[in-house]
K.L.:
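Below is a structure I'd like to ask you about.
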Amino acid sequence: QVQLVESGGGLVQPGGSLRLSCAASGSIFGINVMGWYRQAPGKERELVAAVTSSGRANYADSMKGRFTVSRDNTKNTVYLQMNSLKPEDTAVYYCNAQIIGGWGRYEYDAWGQGTQVTVSS
């Protein structure tokens, strides 16, 4: 079983920047896609960005040009650099990873506990 530990959330002003980090640890044979989702109160959870083990990234349209997702496979860590933040970016951000377990080599979905990002004046 693995744990995903997130950091970097907080309060920023509109137009500001924030960098989120998520590190996976535990019995891991490999990790396929890693990424970020977010959910605002009263709204559905949505994909923010995801990146494959080879570095191919995918973004939601509203995030393209402002957010950058990357990963360090040596550290089993995924990052989300957020620039030009808007009030509508306010949400709980969740880290997600597709884990290949170290014991049975089966793939399963793992989630972080979430970190609050608030964009406000």
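The figures here come from the full heavy-atom set of this structure, side chains too, leaving out hydrogens, waters and symmetry mates.
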K.L.:
For Asp89 versus Ser84, what's the shortest heavy-atom pair and its separation?
P.N.:
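Taking every non-hydrogen atom into account, OD2-O, 4.5 Å.
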
K.L.:
Got a sec: does the CD of Gln116 have more than 12 other heavy atoms crowding it under 6.0 Å?
P.N.:
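More than 12 heavy atoms, drawn from other residues, nucleotides or ligands, come within 6.0 Å of this atom.
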
K.L.:
Indicate whether the side chain of Glu107 and that of Asn32 have a donor and an acceptor atom separated by less than 3.5 Å.
P.N.:
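A donor-acceptor contact under 3.5 Å links the two side chains.
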
K.L.:
So which heavy atom on Ser121 is nearest to which on Pro14, and how close?
P.N.:
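Nearest heavy atoms, Ser121 then Pro14: OG-CD, 3.6 Å.
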
K.L.:
Do Trp111 and Tyr37 have ring centroids that are under 6.0 Å from one another?
P.N.:
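That pair passes the under 6.0 Å test.
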
K.L.:
Testing the basics here: between Tyr79 and Ser21, what is the closest heavy-atom pair and its distance to 0.1 Å?
P.N.:
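Nearest heavy atoms, Tyr79 then Ser21: CD2-OG, 3.3 Å.
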
K.L.:
Would you please name every residue forming a side-chain hydrogen bond (donor to acceptor under 3.5 Å, both in side chains) with Thr52, sequence neighbours left out?
P.N.:
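Result, side-chain hydrogen bond (donor to acceptor under 3.5 Å, both in side chains) vs Thr52: Ser54.
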
K.L.:
Indicate yes or no: does Asp61 engage Lys64 in a salt bridge with an N to O separation below 4.0 Å.
P.N.:
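Counted as a salt bridge, because a side-chain N and a carboxylate O are separated by less than 4.0 Å.
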
K.L.:
Quick one: closest heavy-atom pair of Gln39 and Arg45, and the distance?
P.N.:
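Looking at all heavy atoms of both residues, the closest pair is NE2-N, 3.8 Å.
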
K.L.:
Given side chains that start at C-beta, do those of Val5 and Gln113 come closer than 4.5 Å, heavy atoms only?
P.N.:
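Result no, sub-4.5 Å side-chain heavy-atom pair not found.
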
K.L.:
Linking Ile, Leu, Val, Met, Phe, Trp and Tyr through side-chain heavy atoms less than 4.5 Å apart, which residues share a cluster with Trp36?
P.N.:
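Noted: Trp36 shares its cluster with Val2, Val12, Leu18, Leu20, Ile28, Ile31, Met34, Val48, Val51, Tyr59, Met63, Phe67, Val69, Val78, Leu80, Met82, Leu85, Tyr93, Ile99, Tyr106, Tyr108, Val117, Val119.
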
K.L.:
Between Gln81 and Ser17, does a side-chain contact (heavy atoms from CB on, under 4.5 Å) hold up when you go through it step by step?
P.N.:
CA-CA 8 Å; Gln81 178 66 48; Ser17 298; 4.0 Å; yes

K.L.:
What distance do Ile100 atom CD1 and Ser27 atom OG have between them, rounded to the nearest 0.5 Å?
P.N.:
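So the gap between those two atoms works out to 12.0 Å.
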
K.L.:
Nearest 0.5 angstrom please: Ser70 OG to Arg19 CZ, how far?
P.N.:
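The OG atom of Ser70 sits 6.0 Å away from the CZ atom of Arg19.
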
K.L.:
Mind checking what makes side-chain hydrogen bond (donor to acceptor under 3.5 Å, both in side chains) contact with Asn73, not counting sequence neighbours?
P.N.:
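Once residues adjacent in sequence are excluded, the partners of Asn73 under the side-chain hydrogen bond (donor to acceptor under 3.5 Å, both in side chains) criterion are Arg71.
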
K.L.:
Between the main-chain N or O of Gly114 and the side-chain N or O of Glu6, is there a donor-acceptor pair closer than 3.5 Å?
P.N.:
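Checking the backbone N and O of Gly114 against the side chain of Glu6, a donor-acceptor pair under 3.5 Å is found.
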
K.L.:
Thr74 side chain to Asp72 main-chain N or O, any donor-acceptor pair under 3.5 Å?
P.N.:
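No; judged by distance alone, with no hydrogens or angles, the pair does not exist.
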
